[in-house]
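Excluded from the calculations below are hydrogen atoms, water molecules and symmetry mates; all remaining heavy atoms, backbone and side chain alike, are included. Here, residue 1 is the first one in the sequence, and each next residue gets the next number.
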Amino acid sequence: MRQRRAAVARGPARGRQGDHRGGLPQRPARPGDAVTTQAGVAVRVIATRVVDAVMHRGRSLKAELAANLPRVEDTRDRALLEAICFAVLRSRARIDAALAAWMPKPLGRSENELRALLHVGFAQVVVMGLPAHAALSATVEAVRALGRPHQDKLVNALLRRAQREGLPAAPSDALWPAWLRQQVRQDWPAQADDIFAASQQEAPLWLRVNRLRGNRDAYRQPLLDAGIEVEVPDGVPDALLLRAPVAATGLPGFAHGDVSVQDGAAQRVADLLDGLPACARVLDMCAAPGGKSAHLLERDPTRRLLAIDVDARRLQRVRETFDRVGVQADMKAADAADPSAWWDGEPFDAVLLDAPCSATGIVRRQPDVLLHRRADDLVALTRLQARLLDAAWRVLRPGGCLVYTTCSILRAENALQLGAFRARHAAALVEPLDETWGHADGGGRQRLPGECDMDGFFYAVLRKA
């Protein structure tokens, strides 16, 4: 799953240019070997810088990890770095409460790096339950590596206190901005507490098996042979479910396109277009990073698919995805909301609009959403969604099918957006979806985070009379 383009939110974060600090030493991988002291310190240093950038400078966690993970040589250290960062962002409220209670005076902005390092340390010792000696030693040494040797005793004392006492409890909605917390409770009063709790949990790993290369029953065996426990979920025909995290590049056949990583909720989008005839002309209006388009073509490679994205750099990721899984499609960098700039006049049999949105349904995968989302983002996003819907309707043939999806749980982007669109277009007929798609809402269906182990997702299908 992707975080929606920030054209209407905050600009996508970029990794620091020319920053070569903290590179990890190379070392051979030894089964069962713990990280070396030197490498362990470097991981904590990089984790501190990533957390500092995300928490204090508005950077994207995904972008910061993408920039920093390649600097980590050992796959176990890369996994540790990623796990620390996610643990920090999921437990910010508890750690902040501990720091407020235990620090002799509040940390100022000039101490943001120290605050980030303390979050990294607390997350390891309490949240992740790492061996205390190694976590304490490496984190205290990281203080010195960051040029703060005068603060090593303070860090050591605070980490040992966290080890002894744990962290204070915090409400499950404590990380959500007040305006967003209120909106979720207004939209889903009976389910709000479950939404907040599910959004704090680590998400399972969903795999999508490429039908062009085999089926999920055949792919399951190499996973079992590799000692990877795998489940076969109902209702998602190409999916396998892994409870324990595994690096995508370590999956059998990943490099050759046998399998992709994609949440079950996103995989279900392809089911909505299974009724198309062979050689149907299909438009994916906001295609990057390409997972849904690739899935549509894995289901039926005869489809004449056009993948559009406003960002040419993101469209390159779509191209790489297509090449890996072995499918072909036309691609165009353009503003999908302005058909006059890209449409050749031939109507489409089906349009998929997986719209830019608040990403409130995927907080468990992108916890920094709660740091960066602002109330005015929602206003801009709903305007953009409306423009995209109107453009989709313009290029769809009579009798054609428009699939509207988001990874949001907010009714303004989903049921209310759909209702406003139907008010503008009398020829838009809703095709009903059954309860397996989630909660009925305004002509569509809303899956909430954690239901059936999936992300939060909205689905609607409209037929053009």
Side-chain angles (χ1 to χ4, degrees), residues 1-2 79 201-276 278 280 282 284 287 289-303 305 317-318 320-329 350 352 354 361-362 364-365 403 405 407 433-438 445 447 449-457 459:
M1 281 294 287
R2 60 194 167 103
Q201 303 305 310
E202 182 177 358
L205 181 66
W206 285 82
L207 305 183
R208 186 188 80 235
V209 178
N210 187 347
R211 289 192 184 185
L212 299 176
R213 307 290 173 86
N215 59 57
R216 67 177 179 177
D217 292 332
Y219 186 78
R220 182 169 175 258
Q221 191 57 49
L223 294 176
L224 295 174
D225 292 343
I228 300 173
E229 295 185 12
V230 58
E231 301 174 21
V232 182
D234 293 330
V236 193
D238 299 321
L240 294 170
L241 184 64
L242 278 59
R243 297 291 175 184
V246 177
T249 53
L251 293 167
F254 178 84
H256 300 103
D258 295 352
V259 69
S260 299
V261 174
Q262 186 180 44
D263 189 81
Q267 290 190 44
R268 292 221 63 191
V269 172
D271 299 341
L272 297 172
L273 294 173
D274 269 350
L276 292 175
V282 180
D284 186 349
K292 296 179 185 68
S293 280
H295 196 194
L296 291 174
L297 292 169
E298 290 169 8
R299 290 276 180 94
D300 181 0
T302 72
R303 290 169 173 163
L305 189 141
R317 292 184 60 195
V318 178
E320 292 166 359
T321 297
F322 288 176
D323 289 344
R324 186 179 61 81
V325 303
V327 298
Q328 294 183 336
L352 169 60
D354 184 39
I362 58 171
R364 62 183 191 164
R365 297 190 187 278
V403 173
T405 64
C407 61
L433 301 173
D434 64 31
E435 64 277 1
T436 64
W437 294 89
R445 288 279 179 171
R447 187 176 303 284
E451 294 180 340
C452 300
D453 289 313
M454 298 183 198
D455 291 339
F457 223 84
Y459 310 89

Considering all heavy atoms, the nearest [X]-[Y] contact:
X	Y	result
C452	R447	SG-NH1, 3.7 Å
E202	P245	OE2-CG, 3.9 Å
P252	D258	O-CB, 4.5 Å
V261	A248	CG2-CB, 3.9 Å
A255	R324	O-CG, 3.6 Å
A287	S293	CB-OG, 4.2 Å

Worksheet item: Got a salt bridge between E231 and R243, using NZ or NE/NH1/NH2 to carboxylate O under 4.0 Å?
Response: yes
Response to the item:
Sequence neighbours excluded, the answer for side chain to side chain donor-acceptor pair (under 3.5 Å) partners of D300 is T302
Discussion item. For D274, I'd like to know if atom CG has over 12 heavy atoms of other residues, nucleotides or ligands within 6.0 Å.
Written reply: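 More than 12 within 6.0 Å, yes.
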Discussion item. Using the salt bridge (Lys or Arg N to Asp or Glu O under 4.0 Å) criterion, which residues pair with R364? Sequence neighbours excluded.
Written reply: D263, D455
Worksheet item: With sequence neighbours excluded, what pairs up with E451 under the salt bridge (Lys or Arg N to Asp or Glu O under 4.0 Å) test?
Response: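 E451: no salt bridge (Lys or Arg N to Asp or Glu O under 4.0 Å) contacts found.
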Heavy-atom side-chain proximity of [X] to [Y] below 4.5 angstrom:
X	Y	value
W206	Q267	yes
V209	L240	yes
I362	C407	yes
H295	S260	no
V230	R216	no
Y459	R268	yes
V327	P301	no
L212	V325	no

Worksheet item: Quick one: does NZ or CZ of R445 land under 6.0 Å from the six-membered ring centre of F457, within 45 degrees of the ring axis?
Response: no
To the nearest 0.5 Å, what is the distance between [atom1] on [X] and [atom2] on [Y]?
X	Y	atom1	atom2	result
L297	F322	CG	CZ	5.5 Å
L296	L272	CG	CG	9.5 Å
D284	L273	CG	CG	10.0 Å
T249	F254	OG1	CZ	7.5 Å

Discussion item. Among residues at least two apart in sequence or on other chains, which ones pass side-chain contact (heavy atoms from CB on, under 4.5 Å) with D434?
Written reply: T436, W437
Discussion item. Applying side-chain contact (heavy atoms from CB on, under 4.5 Å), can you list everything that pairs with P237, at least two apart in sequence or on another chain?
Written reply: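 P237 satisfies side-chain contact (heavy atoms from CB on, under 4.5 Å) with R211, D271, R299 once adjacent residues are dropped.
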Item to complete: Given salt bridge (charged side-chain N to carboxylate O under 4.0 Å, His left out), test D354 with K292 step by step and report yes or no.
Response: CA-CA 9 Å; D354 184 39; K292 296 179 185 68; 2.9 Å; yes
May I have the list of side-chain donor-acceptor pairs in residues 220-227 shorter than 3.5 Å, sequence neighbours left out?
unit_1: Q221; atom_1: NE2; unit_2: D225; atom_2: OD1; d: 2.9

